[in-house]
Every structure is written in C-alpha cells, then in structure tokens.
There are 2 protein chains.
Amino acid sequence: MYLNRADQIAEEIQELIFAGSFEDGERLDENRLSEKFGVSRTPLREALKKVALLGIVEKIPNRGVFVHQPGPIELLEMFEVMSELESICGKLAAKRISESALKKLQKANAKCKKAIKNNNPDAYYIENELFHKIIYNQSGNSFLEKEAIKLQKRLQPFRRVQLRFRGRIEQSMAEHEDIVKALSFGNSTDAENALRNHVAVQGDKFHQLVASFGKKEEYT
Amino acid sequence: MYLNRADQIAEEIQELIFAGSFEDGERLDENRLSEKFGVSRTPLREALKKVALLGIVEKIPNRGVFVHQPGPIELLEMFEVMSELESICGKLAAKRISESALKKLQKANAKCKKAIKNNNPDAYYIENELFHKIIYNQSGNSFLEKEAIKLQKRLQPFRRVQLRFRGRIEQSMAEHEDIVKALSFGNSTDAENALRNHVAVQGDKFHQLVASFGKKEEYT
DNA sequence: AGGCCAAATATTGTATACAATAGTATTGAC
DNA sequence: GTCAATACTATTGTATACAATATTTGGCCT
C-alpha cells in the first residue's frame, strides 16, 4: 500500500501524538511542522486534515489544529465502545469462524503465552493485536472489521499502559483461553460475554486506568 | 458551527454522491469539480480528502478519487453494524436516560405519528432521525453518540428507500412504541433487543433492500 | 491605571505555478 | 501486422505566492 508524502506525515504526526510528544491543547503550527518535515504547507495541511478527521486533534477554522489528548471520561467512553465492538465481533465470529482461522487464533494465543514466558512485552503486544484482529476478521463483516481496527489502533497506547499492572497479563491470557473455547464451540453468547469482559474497563481495571492516567511517559 | 469553503464543498460532494449524481466507479475530476464549484484545486482537494476518509469514495495515489457506491453486501454489513450500535445505545440509555429526555422522546414519537397521519414523509424522516438521536445521546457515551450519528447519516438515503415499502412505516411506528416502553421502564434487555430488531435488515426487510437495490433514483 | 479601539503581526485559507507520475499514442523494428 | 520502446498528454502531488481572518500590541481616551 503506497502512501504519498502527505499521508506518511499524517502517520508520523499520529505517532508523535500517541507517544505524547505534544502537550494537550497545544497548537500544531503549520509553518514549524512543515519545516520540521521538510515539506511545504500544502501536504502538511492535508496530513493535519487527516489526523483531525480521525478525531485525534481538533481543528478550529481560521484558528488552527489543537492536539486533544483524551481525558479519563473520553477514554472510558472509547473503551466502552471498544468492548461492545469486540463483543459483537465475537458474537458473529462464533457463528462464522473458519477452521483455519481457529487454528491461526490458537497459534497467535500460543505465541502470546510464549512471549510472556520469555518476558517479552513487545512480542506480546504484537501477538495480542493479531489475536484480536483475527476475531474482527472472522466476524464476516468487513465494515465492522475496519471500524474495530481503527478504534483498536487508537486505544493501543492506553491498553499497553493497562497491561503493565501486576497480574493483568496473566488474567488477560486466561480470558483468551475462554474466548478461544467459546469460538471453537461456536457458542456465540459465551464469546460475546467473554470478549466484552476482556476489553471492558470495570472493577480493578477501572481504578488502574484512572490511576495510570497522565503517567504515560513513565512507562515508555 | 462555521465551515470554510473546503468543508462546505465536502458536504456538497457527499450530498451529490448520496443523491446518486455519480456513477459507481466514476473518477471525480479535480479540474472539472474545481471549476464547477468556482474554487481552485487546493480547497477542492481538501474536500475530496475528507470525503475519502469518510469512506464514501476511494482514493488511489497518483490516480485520483473514485466514487464507490456500496454494493448489497457492503450495505448489509453497514446495517448490521448500525443495528448493533443502536442496540448498545438502547441498552445503555435504558439505564441512563433522564426524565426530560424521555419526554422529548415521546414528543418526537408523537410527531412521527402525526407526520404519517398527514402523509408527510419528509417530516417523518426528520422526526425519526431525531427520535434515534435522542437515544444515542442518552446512552451517556458521547463517543458512541458521534459514531452512531456518523453511520446514521451514511445510511440515511438507504433507510428512506426501505421505508417506502408498504406497511413498513406502520411497523416501524409500532417498534418505536416498544422502544419507548422499554426505555421508560428502564428495561435494558428489552431496549437492546427492540432497537436491534428495529434497525436490523432481516426477513422481509432483507428482500426489500435487495429488491430496491439500484432503484434509488426511482424514489427521489 | 484601566479599558477600548486601531494598526501591526501572525496564522490560516485559497489561488496559481511547477514537478512528478501514470496513462496513451505513435513510431520503429522484427 | 504485432510488439515494444519512447515521446507525449493528462492528472495528481507539491511549492510558493497571495488573500482573508484572527490575535496581539500599542496608543489614546476616560
């Protein structure tokens, strides 16, 4: 998938925001950024437009674009939607998943386990992401799949923070097992609930998320 | 909410596509369109970028943007997601809806009825949209609300076609009653199911949608 | 001194000019 | 006559120049 310079820059700006390189509310100066990326304002503005439409920054006409790091409430809202989306994917996938996809899912899960044993968080994140993406894909609804991937990407940095909490990875793995079981049995109700619970921010997870808030940079 | 010319044009292009003014697969020529709208290519390109990111047209680098009218499969997929989103909104709203919102909901519903009695489809569409938007809003999740509104807007023209089928509007109204009832009783399970069913394309509605496909212009 | 209006400055929005890329047609060799 | 290479054309992508809008600063009046 080829990208022109403007789209490349859009990706890079996203990464920078996710990495916390900008203060909340900071204005993204077109001149400064165009100089930084070594391009003119035209492609840079296109990049900013893209980032704005993804909802990562806010664009105010004739004023500029301002980074908008989601606050705790907004994050909880996004996680609530994510958990419901995953739940739906699970519900549908339980009925529609193929044998080969089931095998791939088990493989990805095994790699997750291995990554934990090797104490390799980066590998875990990658395999975990794949695990979930397989489920999105097997929902048999490519529109749903795209939406889920979009939101997953946006929440990714916050999920990582969450998993740093003691015991969370182990719990997460146990939940994966339940999910795989439900999907292989074609039990859509179980799959639905297991996935909703797996992603939802409730109970301990709620406190962990709130506690970790604003401390992102400590864990990078 | 002020919009600059580029964003205005983006809206207009969307409308044109929804209205079926372009063939599926047709290339949106930048020069032609910029002349048509009386602006230069710069704001027009920004408009196209926006429309592309909304998923209404496909942009191929160095080739141009091509309109992509959703086919039956894609439509079914989008309706499936819409019905689930509405279902979630209903589930949450049942627990969170305020008294005043409930009143507004009943008011909107009454206006829907009135519109039918007066044989005024345009009024019905507007009030029906409001009815659903109140529920999105009362989900208490503004992120979910925004996503629901976005998809609602995209599916709007197709919903209209559907409602043209005999008996559909009456059935739709009866479903509204059930939804209001469930919400006023705070019954989240009923609200969830009623809304999913109300929006889902199943049974007769499936055949109607498929049958109506490609006949949009007959009903405008 | 404080507030308000106006000029200056900075920044976004748009137009035009130029560059790069993809698609098409023409010409030449076999 | 067909295929391929190359020049040509059309179209998108980017840079720069200009216009419009918002913000800031400085001066004036009260």
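The basis for the numbers below is simple: all heavy atoms, side chains too, and nothing from hydrogens, waters or symmetry mates.
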Less than 4.5 Å apart, any side-chain heavy atom of B:Val51 and any of B:Leu28?
->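 SC-SC contact between B:Val51 and B:Leu28 ruled out.
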Say whether, by atom type as modelled, one donor and one acceptor occur between the side chain of A:Asp29 and the main chain of A:Asn31 under 3.5 angstrom.
->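 Yes, the answer is positive, given that a donor and an acceptor are paired below the 3.5 Å cut-off.
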Going by the side-chain hydrogen bond (donor to acceptor under 3.5 Å, both in side chains) test, name the single residue among B:His132, B:Gln152, B:Arg196 that passes it with B:Glu86.
->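 Option passing the side-chain hydrogen bond (donor to acceptor under 3.5 Å, both in side chains) with B:Glu86: B:His132.
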Where does the angle between the aromatic ring planes of B:His176 and B:Phe131 fall among parallel (under 30°), tilted (30 to 60°) and perpendicular (over 60°)?
->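 Ring orientation, 0 to 90° scale: parallel.
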So, A:Glu77 and B:Ser142: side-chain donor and acceptor under 3.5 Å apart, yes or no?
->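 Side-chain D/A pair, A:Glu77 to B:Ser142: present.
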Side-chain donor-acceptor contact under 3.5 Å, B:Gln8 with B:Arg5 |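 Distance-only check passes for B:Gln8 and B:Arg5.
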Overall bend - the helix from C:dA1-D:dT30 to C:dC30-D:dG1, comparing terminal axes fitted on five pairs, nearest 10 degrees =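 Here the helix ends are tilted 0° relative to one another.
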Salt bridge flag under 4.0 Å for residues A:Lys50 and A:Glu46 =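 No, no charged N to carboxylate O under 4.0 Å.
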Contact pattern, 5' to 3', of nucleotides 7-19 of chain C - B, S or - by protein heavy atom under 4.0 Å = ----SBBBBB---
